[in-house]
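Okay, so here's the structure we're looking at.
Proteins get letters first, then strands, A, B, ... in listed order; numbering begins at 1 in each. Here the structure is a predicted model, which means the values were calculated and not measured.
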Amino acid sequence: MPELPEVETVKRGLVKLILYKKFIQAEVRESKSVMGDFKGLIGAELVGLRRFGKALVMDFNNDWSLMIHLRMTGQLIWQGEERFAAGHPTEDFVREMPSRHTRVILEFDGGKLYFNDQRKFGFCKVLRTVEVGEDGFIKKLAKEPWGMEVKEFWEKLQRRKNSVIKAALLDQTVIAGLGNIYTDETLFDAGVDPRRRAGKVTRQEAEKILEGARKVMQRAIDAGGSTMATYVRADGTKGSYLEEFAQVFQREGQACFRCGTEIKKNRVAGRGTYFCPRCQK
DNA sequence: CTAGGATCCTGTCAGC
DNA sequence: TGCTGACAGGATCCTA
């Protein structure tokens, strides 16, 4: 699931649970999921957590850092005295760890952090703290919607004027943090058809899209904590917070909450895309 | 430089 | 039941 709000939820959970804990060792079960060498982190204390778009960075007190990107199916599960699970929601949230999807186990003083990733697209990368900003992904990353002025956003859209607006919003060098869900939710909120060319989006619509992205993602962040609590409390219950707030995502054939028209699903920018044909022009 | 499709990988589900 | 193809909450690489 991991788009910006989910990664922010992971970050907040880890701040509460493992900040200032000492890293003991790592067990790498899938070498493909790891870049760099965990040796540099052994014995160091976790002193900071940062998020860059959908990427999470853990900083240690010896000038080494650990960057984690969950991509499509990554999740992090902390098992100490308490349990915390966030990222891509699967049955593994409530299962005994490790599972068959566990790629790396990070042992801290007081518990273990399990990096699970069904499809192995995600990764952990050990690097010098000063090199975090030089990482290819982070270096190219655009601002997040809260820090972006309409003018700058508009200009970035012109750079991708021949792409559909959905593709432009998914491009992390245009705006950081949106993935397939929040792009659809944002465009619904802004009343813009995902198939429109980015260059045809008016300045006013661009402003609505920016505001929509902020609103939609902030709501998800605010809901994140309680959702996780629900997940852990429930004995196997598969509740999804998507159901709580999604206006269009995975609602194909259902009535639009705003106008009652059937929500449609199309392939746009190579991704399953949900929208209301009446509310989004 | 951009745009669009293929690709990495595993799992699930619909249709035969 | 078993097989096949499509698809999946991401990003990069390749080609035109």
Side-chain angles (χ1 to χ4, degrees), chain A residues 1-10 29-35 51-56 67-76 86-93 95 99-103 115-125 135-142 155-188 194-200 213 216-217 219-221 223-224 227 238 240-252 265-274:
Chain A
M1 63 167 21
E3 298 178 40
L4 186 152
E6 288 71 43
V7 180
E8 179 63 22
T9 298
V10 170
R29 303 185 138 213
E30 172 57 69
S31 60
K32 185 185 184 302
S33 302
V34 171
M35 286 182 272
R51 185 183 55 67
F52 297 87
K54 304 174 194 172
L56 180 71
M67 174 181 168
I68 298 178
H69 199 309
L70 301 173
R71 292 276 181 101
M72 295 277 269
T73 56
Q75 61 184 194
L76 286 173
H88 185 62
T90 69
E91 290 297 319
D92 278 5
F93 269 20
R95 283 209 190 107
S99 74
R100 69 180 147 148
H101 303 118
T102 300
R103 308 305 177 196
F115 173 74
N116 296 344
D117 186 13
Q118 193 172 94
R119 293 171 73 178
K120 303 184 188 175
F121 291 163
F123 60 86
C124 298
K125 179 179 178 182
D135 171 84
F137 175 78
I138 291 178
K139 198 171 183 178
K140 287 182 292 185
L141 201 59
E155 285 165 3
K156 299 241 188 198
L157 289 183
Q158 302 318 302
R159 181 163 63 75
R160 296 211 49 164
K161 59 181 159 59
N162 293 320
S163 298
V164 288
I165 184 66
K166 166 131 182 180
L169 295 185
L170 287 171
D171 182 345
Q172 304 298 297
T173 70
V174 170
I175 189 160
L178 293 166
N180 203 37
I181 294 179
Y182 296 106
T183 296
D184 285 1
E185 293 297 319
T186 293
L187 288 171
F188 173 78
R195 301 165 293 187
R196 290 261 302 283
R197 296 285 138 181
K200 299 284 188 185
V216 160
M217 292 205 291
R219 274 186 66 195
I221 291 169
T227 305
K238 213 180 179 181
S240 160
Y241 65 11
L242 264 182
E243 295 157 21
E244 294 175 30
F245 72 86
Q247 303 293 300
V248 287
F249 194 78
Q250 285 180 353
R251 295 197 64 243
E252 183 183 18
K265 180 182 183 184
N266 271 6
R267 201 134 195 97
V268 181
R271 314 290 301 274
T273 300
Y274 302 84

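Counting only heavy atoms from C-beta outward, the side chains of A/R95 and A/D92 approach each other to under 4.5 Å.
The distance from atom NZ of A/K139 to atom C1' of C/dT12 is 17 Å, rounded to the nearest whole Å. In this structure, the CZ atom of A/F245 is 10 Å from the C1' atom of C/dG9, given to the nearest Å. Nucleotide B/dC9 holds its P atom 11 Å from the CZ atom of A/R103, rounded to whole Å. Protein atom CZ of A/F123 is 11 Å distant from nucleotide atom C1' of C/dT12, rounded to whole Å. Rounded to an integer number of Å, the gap from A/K161 NZ to B/dA3 P is 7 Å. Rounded to a whole Å, the CG atom of A/D117 is 18 Å from the P atom of C/dA8. Nucleotide B/dT7 holds its C1' atom 11 Å from the CZ atom of A/R119, rounded to whole Å. A straight line from NE2 of A/H88 to P of C/dC7 spans 18 Å, rounded to a whole angstrom.
Between A/R100 and B/dG11, a side-chain N or O to OP1/OP2 separation shorter than 4.0 Å is present. Contact annotation: A/R271 does not reach the phosphate of C/dA8 (side-chain N/O to OP1 or OP2, under 4.0 Å). Listed pair A/K54 / C/dA11 meets the phosphate criterion, a side-chain N or O lying under 4.0 Å from OP1 or OP2. Under 4.0 angstrom from either OP1 or OP2 of B/dA3 there lies no side-chain N or O belonging to A/K166. Taking only side-chain nitrogens and oxygens, A/H69 comes nearer than 4.0 Å to OP1 or OP2 of C/dA11. Checking the phosphate oxygens (OP1, OP2) of C/dA11, a side-chain nitrogen or oxygen of A/Q172 falls inside 4.0 Å.
Pair check for C/dC13 finds B/dG5; Watson-Crick or G-U wobble, both atom distances under 3.5 Å. Across all strands shown, C/dA8 pairs with B/dT10; the Watson-Crick or G-U wobble distances both stay below 3.5 Å.
If you check every strand for non-hydrogen atoms under 4.0 Å, A/G272 touches sugar and phosphate atoms only.
The side chain of A/K32 sits closest to B/dC8 out of B/dC8, C/dT12, C/dG9. Residue A/F137 places its side chain closer to C/dA11 than to any other of B/dC9, B/dG4, C/dA11. When each of B/dG4, B/dG11, C/dG9 is scored by its nearest atom to the side-chain atoms of A/S163, the top-ranked nucleotide is B/dG4.
In this structure, A/F121 does not pack face-to-face on the six-membered ring of B/dC9, missing the 5.5 Å centre cutoff or the 30° plane limit.
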Criterion salt bridge (charged side-chain N to carboxylate O under 4.0 Å, His left out) on A/K166 and A/D184, from CA distance to verdict: CA-CA 8 Å; A/K166 166 131 182 180; A/D184 285 1; 2.7 Å; yes
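Between the C1' atoms of B/dG5 and C/dC7, the separation comes to 16 Å (whole Å). A distance of about 15 Å separates the P atoms of B/dA6 and C/dG5, rounded to the whole Å.
Taking only distance into account, the side chain of A/E6 meets the base of C/dG9 through a donor-acceptor pair shorter than 3.5 Å.
A salt bridge between A/R160 and A/D171 is present, with a side-chain N of the basic residue lying under 4.0 Å from a carboxylate O of the acidic one. With respect to the salt-bridge test (charged N to carboxylate O, under 4.0 angstrom), the residues A/E30 and A/K120 qualify.
Looking at A/T273 and A/K265, their side chains never bring a donor and an acceptor atom within 3.5 Å of each other.
Between A/R159 and A/G270, the residue anchored nearer the 5' end of DNA chain B, judged by the nucleotide with its closest heavy atom, is A/R159.
Under the 30°/60° scheme for interplanar angles, the aromatic rings of A/Y182 and A/F245 are found to lie parallel.
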